[in-house]
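To keep things clear, I will list the structure first and then write my remarks on it.
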Amino acid sequence: MRPIHMLVTSLLVAAGTAAIAAPVLEGGRKFTTTLSGASEVNSAGVPNQGDPDGAGTARIIVNPGQARVCWEIETSNLDPVVGAHIHRAPAGQNGSIVVHLSAAQNAATSGCRDVTRALADEIRKSPRSFYVNVHTTVYRAGAIRGQLG
């Protein structure tokens with residue numbers, strides 16, 4: 001085989017291998033949750049504490065093997081966004097932040113963050129114990145929220 005043909009063949013094989021491996025690298029447990037102001041609660045667990053017309057969707061991928069959490073968050077009808085997070089707490093309760101995310105006002109954002117393997121595994125095994133929320137300038141405690149499980 002001529003050197004140029006060997007090079008082209010090697011590149012094609014490498015490209016095919018990369019195409020097969022890419023989905024594995026993005027693998028993990030997928031969660032989707034609808035974010036609403038009605039799901040936001042105060043310290044007493046009273047619902048409807050968030051933005052009444054704010055809305056959103058969060059798609060979360062948790063990969064314990066890579067110790068990584070990736071997200072895509074879409075929002076609408078929100079004031080300027082000041083933060084987004086995954087918190088540890090079941091529905092009806094507020095909890096501590098465990099993963100910092102990014103979100104934007106009335107737009108879609110995405111990203112990935114390294115976490116401990118133990119945290120990724122905990123979220124994967126017990127998603128009902130975690131929620132996503134987006135904070136705004138008007139609703140600093142949380143404008144919209146959705147449980148992972």
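Nothing here was measured: the structure is a model prediction, and the numbers come from that model.
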| request: Could you tell me whether a side-chain N or O of Gln49 sits under 3.5 Å from a main-chain N or O of Pro47, the two making a donor and an acceptor? | output: yes
| said: Please determine whether residues Val81 and Val99 belong to a single hydrophobic cluster, defined as Ile, Leu, Val, Met, Phe, Trp and Tyr linked transitively by side-chain heavy-atom distances below 4.5 Å. | reply: yes
| Rounded distance (nearest 0.5 Å) linking atom OG of Ser126 with atom CG of Leu148 | 10.0 Å
| What are the two closest heavy atoms between Leu78 and Asn106, and how far apart are they? | N-OD1, 2.8 Å
| said: Checking Asn94 against His87 for the side-chain hydrogen bond (donor to acceptor under 3.5 Å, both in side chains) test, could you report, in this order, the C-alpha distance in whole Å, the side-chain angles of both residues, the deciding distance, and whether it holds? | reply: CA-CA 8 Å; Asn94 291 320; His87 294 255; over 6 Å; no
| said: For Ala55, is there any backbone N or O sitting under 3.5 Å from a side-chain donor or acceptor partner on Asn77? | reply: no
| request: Go through the steps for Thr32 and Thr57 under the test side chain to side chain contact (heavy atoms under 4.5 Å, CB included), then give the verdict. | output: CA-CA 7 Å; Thr32 300; Thr57 302; 3.9 Å; yes
| task | Could you tell me which non-hydrogen atom of Val115 sits nearest to which non-hydrogen atom of Arg68, and how far apart they are? | result | CG2-N, 4.0 Å
| task | Apply salt bridge (charged side-chain N to carboxylate O under 4.0 Å, His left out) to the pair Asp121 and Arg117, showing each step before the final yes or no. | result | CA-CA 6 Å; Asp121 204 40; Arg117 183 178 180 145; over 6 Å; no
| message | Please check this pair: side chain of Arg29 against backbone of Arg124, looking for a donor-acceptor N/O pair closer than 3.5 Å. | response | yes
| task | Walk me through it: do Ile144 and Asn133 pass the test side chain to side chain contact (heavy atoms under 4.5 Å, CB included)? | result | CA-CA 5 Å; Ile144 52 177; Asn133 77 339; over 6 Å; no
| field | Test item: Arg140 and Val82 side chains (from C-beta on) under 4.5 Å apart, heavy atoms | value | yes
| Between Arg88 and Phe130, is NZ or CZ placed under 6.0 angstrom from the six-membered ring centre and within 45° of the ring axis? | no
| field | Minimum-distance pair of heavy atoms, taken over all atoms of His135 and His85 | value | NE2-ND1, 3.0 Å
| Where Ser102 and Ala84 come nearest, the two heavy atoms and their spacing | C-CB, 4.2 Å
| task | Give the minimum heavy-atom separation between Pro52 and Tyr139, together with the two atoms involved. | result | CD-OH, 3.3 Å
| message | Grouping I, L, V, M, F, W and Y whenever their side-chain heavy atoms are under 4.5 Å apart, do Ile73 and Ile86 come out in a common cluster? | response | yes
| said: In this structure, would Tyr131 and Leu119 fall into the same cluster of hydrophobic residues linked by side-chain contacts under 4.5 Å? | reply: no
| query | Which distance, rounded to the nearest 0.5 Å, do you find between the OG of Ser110 and the CG of Leu101? | reply | 11.5 Å
| task | Using side chain to side chain donor-acceptor pair (under 3.5 Å) as the criterion, list what pairs up with Thr137, not counting sequence neighbours. | result | none
| request: Give a yes or no on whether the backbone of Ala104 and the side-chain of Thr75 come within a donor-acceptor separation of less than 3.5 Å. | output: yes
| said: Using modelled atom types and a 3.5 Å cut-off, is there a donor and acceptor pairing between side-chain atoms of Thr33 and backbone atoms of Gln147? | reply: yes
| To the nearest 0.5 Å, how far apart are CG in Asn63 and CG in Asp114? | 10.5 Å
| said: Applying side-chain hydrogen bond (donor to acceptor under 3.5 Å, both in side chains) to Thr109 and Trp71, what does each step give before you reach the verdict? | reply: CA-CA 8 Å; Thr109 58; Trp71 67 89; 4.6 Å; no
| query | Same cluster for Val41 and Leu35 if Ile/Leu/Val/Met/Phe/Trp/Tyr side chains link at under 4.5 Å? | reply | no
| request: Give a yes or no on whether Val98 and Val132 share a hydrophobic cluster (residues Ile, Leu, Val, Met, Phe, Trp, Tyr; joining criterion: side-chain heavy atoms under 4.5 Å apart). | output: yes
| request: Give the minimum heavy-atom separation between His100 and Arg113, together with the two atoms involved. | output: O-NE, 2.6 Å
